[in-house]
Asker: 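My questions will all concern the structure given below.
No hydrogens, no waters, no symmetry mates; every other heavy atom, side chains included, goes into these values. Residue numbers start at 1 and run along the sequence shown.
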Amino acid sequence: MADTKREIERKYESDESGLPDLTGVAGVETVIDKGVANLDAVYYDTADERLAKASMTLRRRTGGSDAGWHLKVPVAPGVRDEIREPLSDTVPRTLAGLVRSRVREAELLPVVRLRSDRDVRHLVDADGTLLAEVSVDAVHAERLADGGATAQWTEIEVELADDGDPAFLDKVEKRLRKAGVRPSSSASKLARALAETAPKQPKKAKKRKAPPAPEEPRTAGDHVLAYVREQRDAILELDPAVRQDAYDSVHRMRVATRRLRSTFRSYGKVLDRTVTDPVGDELKWLASELGVDRDREVMTERLIAVLAELPRTLVSGPIRTRMRTWANARRGGSRRRLIGVLDSKRYLALLDTLDGLVAEPPLLPDAAGTPEKVIGKAVRKDFGKVSALVAEAIDAPPGADRDLALHEARKKAKRTRYAAETASPALGAPARGLAKSMKSLTSLLGEHQDSVMVRETLRELSAVAHAAGENSFTYGVLYGREEQRAAAVEAALPEAWRAIVAEGSVQG
């Protein structure tokens with residue numbers, strides 16, 4: 001299992017070599033000289049530097065206390081997760097998997113070698129607790145292809161100690177700036193090395209232009225594409241977290257796929273559905289694969305919660321053991337299956353398709369229209385569908401028909417929420433209000449749908465328990481409580497819906 005370390009650091013450069021005196025930094029009692037470490041790292045990327053473009057770095061480093069393979073993934077400005085594996089001759093499978101959504105089928109190659117003489121200082125407080133590690137790195141960079149250009153520089157790096165207060169870095173920076181040290185213009189050593197050793201263009205050759213940054217959205221198409229791009233990026237950024245089974249990552253990736261599918265449907269007058277519908281089908285496939293674990297996880301949380309509400313006198317038989325067994329069933333197998341999905345040609349082809357759709361969107365004539373007219377019309381159309389389904393559910397008799405109508409209304413409410421999110425930058429407060437209202441409605445109807453699913457699960461568990469000769473009384477008690485929860489939602493829906501309509505957030 002790979003080891004992950006949260007790395008919070010800042011980099012600086014100075015016209016003067018060496019480190020200013022840091023004993024005056026508030027909270028620092030002593031600066032301890034830890035000597036010089038000789039580090040030798042080879043960085044890997046694709047020939048077209050896909051990892052670098054995603055601000056990810058993959059290296060094999062020897063020397064120092066943490067020799068091995070390191071993959072650094074951005075979390076926030078100045079914050080990265082460093083995932084480590086032991087030294088080996090080839091890229092470890094775990095790390096290769098974590099970059100696959102960026103690399104796809106391209107080969108990982110050694111692109112840059114960095115050799116650093118690292119002069120290390122530890123900043124400690126009065127109790128001897130490490131606050132931060134400060135180093136002065138004399139760096140020699142060598143490009144391993146394209147002519148083998150080299151570069152040299154010296155930089156100062158300040159890395160916060162594990163579980164340290166990020167505010168301490170502000171204190172160190174204040175002292176460094178006072179001494180004439182300035183923040184580095186490069187986000188990382190690799191970024192600087194790639195820039196300073198890049199092959200020079202022939203004099204007569206035209207320099208390849210970098211792709212233009214997305215402009216501020218103006219047309220309806222601009223706003224829809226901005227939302228599509230945001231969800232595509234979310235899928236790419238969440239891929240490593242899903243592979244590591246990070247908390248809520250599967251749910252968040254699944255939501256991104258739903259948002260994309262909903263956008264394609266809601267804005268069919270902006271993006272050609274003959275192109276986007278097949279993409280939507282693939283996104284539905286991915287969402288279903290992601291949901292194998294997620295749906296069971298949601299049901300498990302709900303079952304544990306409802307069981308905890310019961311008095312002990314109403315709990316009979318080995319129901320907790322039965323629930324744990326059900327919750328863990330197929331867990332390991334489904335995780336392996338999910339990793340297989342993320343490594344599959346089908347998934348990687350979907351990512352390629354999304355990239356192509358963002359780069360060359362299938363725009364229809366309405367895409368050039370004003371957001372107020374085109375986007376507003378699409379949102380109102382979605383809201384009309386929700387309104388009809390809610391009315392149908394309220395009028396339906398209690399039972400399976402009402403359950404189905406409420407479930408359909410919930411799905412359309414989600415779609416309308418995502419359409420309103422897309423519209424918010426263009427339409428402002430009305431769209432934000434609608435998105436908020438649809439989120440509230442979705443939560444209410446989600447409570448009802450969870451109750452339906454829990455009752456189905458309780459019937460399943462009760463049958464298994466009965467066949468095993470166990471007391472199934474508690475399953476019946478829980479089933480009755482879930483019926484009451486569903487009835488409460490059904491009773492609350494008419495008033496909640498009247499409040500949404502009265503709010504008037506969909507007018508205009």
Asker: For the pair R485 and E483, find out whether any cationic side-chain nitrogen is under 4.0 Å from an anionic carboxylate oxygen.
Answerer: no

Asker: Test side chain to side chain donor-acceptor pair (under 3.5 Å) on T129 and D127 and set out the steps.
Answerer: CA-CA 5 Å; T129 301; D127 296 327; 5.2 Å; no

Asker: In plain terms, say whether E105 and K345 are close enough for a salt bridge, that is, a side-chain N and a carboxylate O under 4.0 Å apart.
Answerer: yes

Asker: Considering only heavy atoms from C-beta outward, does the side chain of L478 approach that of F473 to under 4.5 Å?
Answerer: no

Asker: Using a 3.5 Å distance criterion without hydrogens, assess whether the side chain of S387 forms a donor-acceptor pair with backbone atoms of F383.
Answerer: no

Asker: When you measure from the side chain of S451 to the backbone of E447, do you find a donor-acceptor pair of N or O atoms at a distance under 3.5 Å?
Answerer: no

Asker: Can you find a heavy atom in the side chain of L427 that is under 4.5 Å from one in the side chain of L434?
Answerer: no

Asker: Side chain to side chain contact (heavy atoms under 4.5 Å, CB included), that's the test. Do I235 and L351 meet it? Break it down for me.
Answerer: CA-CA 9 Å; I235 292 173; L351 297 184; 4.0 Å; yes

Asker: More than 12 heavy atoms of other residues, nucleotides or ligands under 6.0 Å from CD of E360: is that the case?
Answerer: no

Asker: If you apply the rule side chain to side chain contact (heavy atoms under 4.5 Å, CB included), what do you find for D403 with E490, and how did you get there?
Answerer: CA-CA 10 Å; D403 290 346; E490 293 172 20; 4.0 Å; yes

Asker: Salt bridge or not between R455 and D450? Use side-chain N to carboxylate O under 4.0 Å.
Answerer: no

Asker: Is a side-chain donor or acceptor of H70 paired with a backbone partner of D66 at a separation under 3.5 angstrom?
Answerer: yes

Asker: Does the ring centre of Y475 sit less than 6.0 Å away from the ring centre of W326?
Answerer: no

Asker: Minimum heavy-atom separation for A496 to L444, with atom names?
Answerer: CB-CD2, 4.0 Å

Asker: Is the shortest side-chain N to carboxylate O distance from E421 to R432 below 4.0 Å?
Answerer: no

Asker: I'd like to know whether Y227 forms a side chain to side chain donor-acceptor pair (under 3.5 Å) with R259, so could you lay out the CA-CA distance, the side-chain angles of the two residues, the decisive distance to 0.1 Å, and finally the verdict.
Answerer: CA-CA 9 Å; Y227 194 74; R259 282 184 163 129; 3.2 Å; yes

Asker: Is the closest basic N to carboxylate O distance between D45 and R59 below 4.0 Å?
Answerer: no

Asker: I need the L342 CG to S101 OG distance, nearest 0.5 Å.
Answerer: 8.5 Å

Asker: Has S462 got a side-chain atom pairing as donor or acceptor with G476's backbone, closer than 3.5 angstrom?
Answerer: no

Asker: May I have the step-by-step check of side chain to side chain contact (heavy atoms under 4.5 Å, CB included) for V315 and R320, ending in yes or no?
Answerer: CA-CA 9 Å; V315 179; R320 288 187 174 84; 3.7 Å; yes

Asker: Any idea which heavy atoms bring T422 and P425 closest together, and the distance?
Answerer: O-CD, 3.3 Å

Asker: Are the side chain of D355 and the backbone of D352 linked by a donor-acceptor contact shorter than 3.5 Å?
Answerer: no

Asker: How many angstroms lie between CG in D277 and CG in L283, if you round to the nearest 0.5 Å?
Answerer: 11.0 Å

Asker: Strictly below 4.0 Å, N to O, side chains only: are E289 and R337 in salt-bridge contact?
Answerer: yes

Asker: Is there a side-chain contact between M323 and L307 (heavy atoms, below 4.5 Å)?
Answerer: yes

Asker: Any salt bridge linking D233 with R229? Criterion: basic side-chain nitrogen under 4.0 Å from a carboxylate oxygen.
Answerer: no

Asker: Taking C-beta and beyond as the side chain, do E82 and R6 meet within less than 4.5 Å on heavy atoms?
Answerer: no

Asker: Any salt bridge between D81 and K5, counting N to O under 4.0 Å?
Answerer: no

Asker: For the NZ atom on K72, are there more than 12 heavy atoms of other groups (residues, nucleotides or ligands in this structure) within a distance under 6.0 Å?
Answerer: yes

Asker: Evaluate the side-chain proximity of W497 to P494: yes if any heavy-atom separation is below 4.5 Å, no if none is.
Answerer: no

Asker: What closest approach, in Å, do D343 and L348 show between heavy atoms, and which atom pair accounts for it?
Answerer: O-CD1, 4.3 Å

Asker: Give me the atom names and distance for the closest heavy-atom approach of A220 to V374.
Answerer: CB-CB, 3.7 Å

Asker: Measure the spacing between CG of L260 and OG1 of T276 and express it to the nearest 0.5 Å.
Answerer: 10.5 Å

Asker: Report the C-alpha distance between T94 and L98 in whole Å, list the side-chain angles of each, state the deciding distance to 0.1 Å, and finish with yes or no for side chain to side chain contact (heavy atoms under 4.5 Å, CB included).
Answerer: CA-CA 6 Å; T94 51; L98 293 177; 5.5 Å; no

Asker: Does NZ or CZ of R84 come closer than 6.0 Å to the centre of the six-membered ring of W69, within 45° of the ring's axis?
Answerer: no

Asker: Can you tell me which residue among T442, L441, D382 is in a side-chain contact (heavy atoms from CB on, under 4.5 Å) with T416?
Answerer: D382

Asker: Are Q244 and T4 close enough that some pair of their side-chain heavy atoms sits under 4.5 Å apart?
Answerer: yes

Asker: Using 0.5 Å steps for rounding, measure from the CZ atom of R415 to the CZ atom of R261.
Answerer: 9.5 Å

Asker: How close do L160 and G164 get, counting heavy atoms only, and between which atoms?
Answerer: CD2-O, 3.3 Å

Asker: Testing the 3.5 Å rule here: is there a donor-acceptor pair between the side chains of Y44 and R60?
Answerer: no

Asker: So, for S188 and K11, which heavy atoms are closest and what is the spacing to 0.1 Å?
Answerer: CA-CE, 4.0 Å

Asker: So does A287 get a backbone contact from the side chain of R254, meaning a donor-acceptor N/O pair under 3.5 Å?
Answerer: yes

Asker: Testing the 3.5 Å rule here: is there a donor-acceptor pair between the side chains of T46 and E107?
Answerer: no

Asker: Between E9 and R80, does at least one N-O distance fall below 4.0 Å, as a salt bridge requires?
Answerer: yes

Asker: Which value, rounded to the nearest 0.5 Å, describes the distance between D170 atom CG and R10 atom CZ?
Answerer: 4.5 Å

Asker: Answer yes or no: is there a donor N or O on one side and an acceptor on the other, between the side chain of K53 and the main chain of D48, under 3.5 Å?
Answerer: yes

Asker: Do R402 side-chain atoms and A396 backbone N/O form a donor-acceptor pair below 3.5 Å?
Answerer: yes

Asker: Using 0.5 Å steps for rounding, measure from the CG atom of D239 to the CZ atom of R243.
Answerer: 4.5 Å

Asker: Between S249 and D245, is there a donor-acceptor pair closer than 3.5 Å when you use the side chain of the first and the backbone of the second?
Answerer: no

Asker: Taking the side chain as C-beta and beyond, is there a heavy-atom pair between V103 and L108 under 4.5 Å?
Answerer: yes

Asker: Can you check whether Y43 reaches L58 side chain to side chain, under 4.5 Å on heavy atoms?
Answerer: no

Asker: For Y267 and A419, indicate whether the former's side chain and the latter's backbone hold a donor-acceptor pair under 3.5 Å.
Answerer: yes

